[in-house]
Amino acid sequence: MSTQAVQRIPQDMHTVTPHIVCADAVSAIDFYVKAFGATDAGKMLAPNGKLIHGMIRIGDSTIMLAEETPEWGSIGPLTLKGSPVTLHLYVQDADAAFQRAVDAGATAVMPPSDMFWGDRYGVVKDPYGHSWSIAHHVRDMSPEEMQEGAAKACGEPGA
């Protein structure tokens, strides 16, 4: 055992890292590589070939994955019939990234459009049940401009 101090947060990790669960997590990694340009950062498989732990990197961010294992209380969004969580991607070209994800097998939920907060923004659902918003920033806006845009977008009277 080394006598050097271990870095408490590994150098290539951020403070918060999403850890998602899905059925057929090994093929989910392959999908994320194809759809979002992820890099497979490693897999630990059980003897039955199921993913115990995996990691992908998209840009400078890491996402951990694990196979759905109901007997351990680990359940994915397809079994749950949905998820309140959306993974958000900032990219250089939201339209191209959105199309790449759809071409890879994601379902288009909301095609990219310019939003009141200054982003070009769209949403897809991957074949494993996870929602992904995809955006690039197009305009810097003040908090007042965003509030006014939100009022118009949400149909508030007098907006």
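Heads up: numbering here begins at 1 and tracks the sequence.
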Sorted by chain and residue number, the side-chain hydrogen bond (donor to acceptor under 3.5 Å, both in side chains) partners of Gln92 (sequence neighbours excluded) come out as none
How long is the gap from CZ on Arg139 to CE on Met146, to the nearest 0.5 Å?
10.0 Å
Cluster check Val26, Ile63: I/L/V/M/F/W/Y, side chain < 4.5 angstrom
yes
For residues 96-106, dump all side-chain donor-acceptor pairs below 3.5 Å to protein atoms at least two apart in sequence or in another chain.
{"unit_1": "Gln99", "atom_1": "NE2", "unit_2": "Asp103", "atom_2": "OD1", "d": "2.8"}
{"unit_1": "Arg100", "atom_1": "NE", "unit_2": "Lys34", "atom_2": "O", "d": "2.8"}
{"unit_1": "Arg100", "atom_1": "NH2", "unit_2": "Val33", "atom_2": "O", "d": "3.4"}
{"unit_1": "Arg100", "atom_1": "NH2", "unit_2": "Lys34", "atom_2": "O", "d": "3.4"}

Using the side chain to side chain contact (heavy atoms under 4.5 Å, CB included) criterion, which residues pair with Ile52? Sequence neighbours excluded.
Met44, Ala46
Once you round to the nearest 0.5 Å, how far does SG of Cys22 lie from CD of Glu67?
7.0 Å
Look at the side chain of Thr69 and the backbone N and O of Trp72, then say whether any donor-acceptor pair between them is shorter than 3.5 Å.
no
Could you tell me which non-hydrogen atom of Ser133 sits nearest to which non-hydrogen atom of His88, and how far apart they are?
OG-ND1, 2.5 Å
Among all residues two or more places apart in sequence or in another chain, which pass the side chain to side chain contact (heavy atoms under 4.5 Å, CB included) test with Pro127?
Phe31
Hydrophobic cluster (4.5 angstrom, side-chain heavy atoms) - remaining members for Ile75
Leu80
Taking all non-hydrogen atoms of both residues, which atom of Asp140 and which atom of Glu145 are closest, and how far apart?
O-OE1, 4.3 Å
Do Trp132 and Ile58 have side chains that get closer than 4.5 Å, going by heavy atoms?
yes
Go through Thr62 and Ile56 one step at a time and tell me if the side chain to side chain contact (heavy atoms under 4.5 Å, CB included) criterion holds.
CA-CA 6 Å; Thr62 300; Ile56 59 171; over 6 Å; no
Search all heavy atoms of His136 against all heavy atoms of Ala94 and return the closest pair with its distance.
ND1-N, 2.8 Å
How about CD on Glu71, more than 12 heavy atoms from neighbouring residues, nucleotides or ligands closer than 6.0 Å, or not?
yes
Can you list everything that forms a salt bridge (charged side-chain N to carboxylate O under 4.0 Å, His left out) with Asp93? Sequence neighbours excluded, please.
none
For Asp24, what residues pass the side chain to side chain contact (heavy atoms under 4.5 Å, CB included) criterion, not counting sequence neighbours?
Ser27, Tyr128
Applying the 4.5 Å side-chain criterion to the ILVMFWY set and letting contacts propagate, would Ile29 and Met13 be lumped into a single cluster?
no
With clusters built from Ile, Leu, Val, Met, Phe, Trp and Tyr whose side-chain heavy atoms come within less than 4.5 Å, directly or transitively, what are the remaining members of the cluster of Val6, listed by chain and number?
none
Residues 6-17 vs salt bridge (charged side-chain N to carboxylate O under 4.0 Å, His left out), sequence neighbours excluded, gives Asp12-Arg57
Within the 4.5 Å heavy-atom criterion, are Glu144 and Glu148 side-chain neighbours or not?
no
If we count only N and O atoms by modelled type, under 3.5 Å, do the side chains of Thr79 and Glu68 hold a donor and an acceptor together?
yes
With sequence neighbours excluded, give me every side-chain hydrogen bond (donor to acceptor under 3.5 Å, both in side chains) pair touching residues 37-47.
Asp40-Lys43
Show the atom names and distances, to 0.1 Å, of all donor-acceptor pairs under 3.5 Å that link a side chain in residues 14-21 to residues at least two apart or in another chain.
{"unit_1": "His14", "atom_1": "NE2", "unit_2": "Asp60", "atom_2": "O", "d": "2.7"}

Interatomic spacing from CG in Leu89 to CD1 in Ile134 - rounded to 0.5 Å
5.5 Å
Got a second to check how far Met64's CE is from Leu51's CG, nearest 0.5 Å?
12.0 Å
Over all atoms of both residues, closest heavy-atom pair of Ala25 and Leu65:
O-CD2, 4.3 Å
Do any side-chain atoms of residues 114-124 form donor-acceptor pairs under 3.5 angstrom with protein atoms, and if so which ones, sequence neighbours left out?
{"unit_1": "Asp114", "atom_1": "OD1", "unit_2": "Arg120", "atom_2": "NH1", "d": "3.1"}
{"unit_1": "Trp117", "atom_1": "NE1", "unit_2": "Asp119", "atom_2": "OD2", "d": "3.2"}
{"unit_1": "Asp119", "atom_1": "OD1", "unit_2": "His137", "atom_2": "ND1", "d": "2.6"}
{"unit_1": "Asp119", "atom_1": "OD2", "unit_2": "Tyr90", "atom_2": "OH", "d": "2.6"}
{"unit_1": "Arg120", "atom_1": "NE", "unit_2": "Asp95", "atom_2": "OD1", "d": "3.3"}
{"unit_1": "Arg120", "atom_1": "NE", "unit_2": "Asp95", "atom_2": "OD2", "d": "2.7"}
{"unit_1": "Arg120", "atom_1": "NH2", "unit_2": "Asp95", "atom_2": "OD1", "d": "3.1"}
{"unit_1": "Arg120", "atom_1": "NH2", "unit_2": "Pro112", "atom_2": "O", "d": "3.3"}

